[in-house]
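Let me begin by presenting the structure, written as structure tokens, before commenting on it.
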Amino acid sequence: FVHGPRLQYVPVKGDHVIGIVTAKAGDVFKLDVGGSEQASLSYLAFEGATKRNRPNVQVGDLIYGQFLVANKDMEPEMVCIDSSGRSSGMGIIGQDGFLFKVSLGLVRKLLAPKCEIIQELSQLYPFELVLGMNGRIWVKAKTVQQTLIIVNILEACEYMTAEQRKQALARLSGN
């Protein structure tokens, strides 16, 4: 039996994650969140959604949401609204970014307040970033090239010291 970093994400109530819509079943979307089973998301779990005003969600869309229900006896259930019914940045993520996977440890590091890595990267280029506690990151910069540079740096951060990272960023910014 080998102990090591968990390869599979285990849903935790309140965690913000990035899910991929795999199916539409009646009033519910099924999402791959990287766990052992798919999560469900009601079409009513979006800001302003009603029976008449349904969100336009398609199979393959990326959804940023949080777990409302997550325990071992029940199917995980996601929502894209906070307790006061606001989206608070959750919902369908734009199609033109780049989704990739990192370790759960790296995501926790990036989500820490005053994360140096993100502060340093934001001085390089403007970009949008969505971090999922399930190890998925979505990033989008002005150009595909800038987006891929940011992806490469974020992936490399796992194995670089702060000093190595600062040197790599200095090379990129031409300083």
Self-check item: Working for side chain to side chain contact (heavy atoms under 4.5 Å, CB included), residues Ile137 and Leu110
Solution: CA-CA 10 Å; Ile137 298 179; Leu110 294 171; 3.7 Å; yes

Excluding sequence neighbours, so at least two apart, what forms salt bridge (charged side-chain N to carboxylate O under 4.0 Å, His left out) with [X]?
| X | answer |
| --- | --- |
| Glu155 | none |
| Arg108 | none |
| Lys140 | Asp96, Glu128 |

Exercise. Quick one: do Asp27 and Lys51 satisfy salt bridge (charged side-chain N to carboxylate O under 4.0 Å, His left out)? Show the steps, please.
Key: CA-CA 9 Å; Asp27 294 344; Lys51 277 196 178 346; 5.2 Å; no

Exercise. For atom CD of Gln58, decide whether the heavy atoms of other residues, nucleotides or ligands shown that lie under 6.0 angstrom number more than 12.
Key: yes

Quiz item: Considering residues, nucleotides and ligands other than Arg86, do more than 12 of their heavy atoms fall under 6.0 Å from its CZ?
Solution: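 Result for CZ/Arg86: open.
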
Quiz item: Is Arg136 salt-bridged to Asp32, cutoff N-O under 4.0 Å?
Solution: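 Salt bridge: yes.
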
Pairwise distance [atom1]([X]) to [atom2]([Y]) - rounded to 0.5 angstrom:
| X | Y | atom1 | atom2 | result |
| --- | --- | --- | --- | --- |
| Ile18 | Leu131 | CD1 | CG | 7.0 Å |
| Ser42 | Phe29 | OG | CZ | 8.0 Å |
| Glu75 | Glu37 | CD | CD | 6.0 Å |
| Ile63 | Ile92 | CD1 | CD1 | 4.5 Å |
| Leu129 | Ile118 | CG | CD1 | 5.0 Å |
| Lys13 | Gln66 | NZ | CD | 8.5 Å |

Quiz item: Just by modelled atom types, is the Gly19 backbone N or O under 3.5 Å from a matching donor or acceptor in the Asn134 side chain?
Solution: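 It does not hold such a pair.
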
Self-check item: Check: Lys142 side chain, Tyr125 main-chain N or O, donor-acceptor pair, under 3.5 Å
Solution: no

Identify the two heavy atoms, one from [X] and one from [Y], that lie closest to each other, and give their separation to 0.1 Å.
| X | Y | result |
| --- | --- | --- |
| Thr22 | Val59 | O-CG1, 3.7 Å |
| Gly135 | Leu104 | N-CD2, 3.5 Å |
| Cys157 | Arg165 | SG-CD, 3.5 Å |
| Ala49 | Pro55 | CB-CD, 4.1 Å |
| Met90 | Cys80 | CB-O, 3.7 Å |
| Gly132 | Val107 | O-CG1, 3.2 Å |

Should [X] and [Y] be counted in the same cluster of Ile, Leu, Val, Met, Phe, Trp and Tyr side chains packed under 4.5 Å apart?
| X | Y | result |
| --- | --- | --- |
| Ile81 | Val57 | no |
| Leu172 | Phe127 | yes |
| Val130 | Ile150 | no |
| Leu62 | Val21 | no |
| Trp138 | Val17 | no |

Quiz item: Is the closest side-chain heavy-atom distance between Ser40 and Met78 below 4.5 Å?
Solution: no

Exercise. Could you tell me whether the side chain of Met160 reaches within less than 4.5 Å of the side chain of Gln167, counting heavy atoms only?
Key: no

Practice problem: If a pair satisfies ring-ring contact (aromatic ring centres under 6.0 Å, His included) and one of its residues is in residues 49-104, list it, with sequence neighbours excluded. | Solution: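 Checked against ring-ring contact (aromatic ring centres under 6.0 Å, His included) - neighbours excluded - the pairs reaching residues 49-104 are His16-Tyr64.
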
Quiz item: Hydrophobic cluster mates of Tyr159, side-chain heavy atoms under 4.5 angstrom, ILVMFWY only, any path?
Solution: none

Self-check item: Partner set under ring-ring contact (aromatic ring centres under 6.0 Å, His included) for Tyr43, not counting sequence neighbours
Solution: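 With neighbours one apart ignored, the set is empty.
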
Practice problem: Check the pair Ile149, Gln145 against side chain to side chain contact (heavy atoms under 4.5 Å, CB included), reporting the backbone distance first and the verdict last. | Solution: CA-CA 6 Å; Ile149 288 170; Gln145 186 187 10; 4.2 Å; yes

